[in-house]
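What follows is one structure encoded as structure tokens, with my remarks underneath.
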Amino acid sequence: MYYNLDINPEPWRIGPLSVGRNKKSGGMFAQVGRDQQLHAYKQAVKEQLSLYDTFMVPGLFEARYYFWRRQDSYTTQRQVEHRKHEADLTNLTKATEDACQGVLFGNDRDCVGIENYLFEQGPNVRERVIVGVSPVGAREDPVVKLGRALLEELGMAWEEDGEELPMVDLPQGGFPDDLPF
């Protein structure tokens, strides 16, 4: 199932850092606050998803994230014109994945495959996020086919129930020539 979200994607980032003091021992400790812009983005993702009849995928899943990001300009407190920095794909994906947790899937650690693309970002881009989530094996991915072919060539069975596969040594000289990749 795919969901089209009419929002401007935001990258994951750490919140503001500060130092606190333990009242009993007097020792100092680091604190990380909530990044307000990231929090607002996660709320916007959940709000956009609430417009759909969503289905929470049980167990292991595969996810697809596609991004178009508008880099807005704004004026800083010192009256300097500034434009949002370019975001990297990994942090856009992480922020969106965190926002989808509990709505489209139970826990992001159950994700066994991610496909993600940052199609465009700039000042005149029409912002959009498309999220696709499916149970493992629901679509026939070429990479999964190759993985199955490799396991079969090595004499191993494909584990559909998520059990860990035993480690094997690859043949000397790499992969056999007759594998389909």
Side-chain angles (χ1 to χ4, degrees), residues 1 3 5-52 54-123 125 127-136 159 161-168:
M1 180 65 107
Y3 303 94
L5 312 179
D6 288 323
I7 56 177
N8 200 24
E10 283 293 325
W12 181 92
R13 63 186 148 267
I14 194 164
L17 301 173
S18 63
V19 177
R21 186 171 296 276
N22 186 305
K23 291 179 183 179
K24 289 183 180 180
S25 70
M28 297 174 67
F29 58 91
Q31 292 178 303
V32 179
R34 179 168 68 186
D35 182 286
Q36 294 301 328
Q37 193 167 353
L38 180 58
H39 178 72
Y41 171 67
K42 289 178 181 181
Q43 292 303 112
V45 168
K46 291 179 189 313
E47 186 177 303
Q48 286 280 307
L49 288 171
S50 73
L51 301 175
Y52 294 95
T54 58
F55 169 76
M56 187 179 296
V57 176
L60 302 178
F61 68 94
E62 299 171 330
R64 289 160 300 287
Y65 302 98
Y66 307 106
F67 302 99
W68 290 261
R69 184 169 187 261
R70 187 183 69 238
Q71 291 176 275
D72 292 326
S73 294
Y74 58 93
T75 304
T76 66
Q77 291 178 345
R78 294 185 176 149
Q79 302 304 307
V80 176
E81 189 70 18
H82 185 73
R83 182 177 307 177
K84 282 188 174 183
H85 297 289
E86 283 195 8
D88 67 90
L89 181 58
T90 301
N91 287 327
L92 289 171
T93 302
K94 180 61 179 157
T96 306
E97 183 179 54
D98 286 351
C100 293
Q101 185 167 282
V103 180
L104 299 180
F105 46 84
N107 195 311
D108 60 3
R109 72 172 170 245
D110 292 331
C111 183
V112 297
I114 292 179
E115 179 179 282
N116 53 4
Y117 293 97
L118 174 54
F119 285 98
E120 190 176 8
Q121 66 179 319
V125 173
E127 71 275 5
R128 176 179 309 265
V129 177
I130 296 176
V131 177
V133 179
S134 59
V136 170
E159 297 289 339
D161 61 3
E163 287 188 24
E164 195 171 308
L165 294 171
M167 296 297 291
V168 297

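We number each residue from 1, following the sequence as shown.
For T75 (side chain) and Q79 (main-chain N/O), no donor-acceptor pair under 3.5 Å exists by modelled atom type. Without hydrogens or angle criteria, R13 side chain to P11 main chain gives a donor-acceptor distance under 3.5 Å. Listed for the Q48 side chain is a donor-acceptor partner under 3.5 Å among the backbone atoms of D6. Between the K42 side chain and the A95 main chain, no donor and acceptor come within less than 3.5 Å of each other. A side-chain donor-acceptor contact under 3.5 Å links D35 to the backbone of L38.
Scanning both residues, F67 and L89, for their nearest heavy atoms gives CD1-CD1, 3.7 Å. Across every non-hydrogen atom of P9 and V129, the tightest pair is CB-CG2, 3.7 Å.
Between W68 atom CH2 and F119 atom CZ the span is 5.0 Å, to the nearest 0.5 Å. Once rounded to the nearest 0.5 Å, the distance linking OG1 of T96 with CG of N116 reads 9.5 Å. For the atom pair R64 CZ and I130 CD1, the distance stands at 11.5 Å (nearest 0.5 Å). The distance from atom CD1 of I14 to atom CG of N91, rounded to the nearest 0.5 Å, is 11.5 Å. To the nearest 0.5 Å, the span separating CE on M56 from CZ on F61 amounts to 10.5 Å.
Heavy atoms from other residues, nucleotides or ligands lying under 6.0 Å from OH of Y52 number more than 12. Within 6.0 Å of CD in Q43 there are more than 12 heavy atoms belonging to other residues, nucleotides or ligands.
Checked for salt-bridge contact, R70 and E127 meet the test: a charged N lies under 4.0 Å from a carboxylate O.
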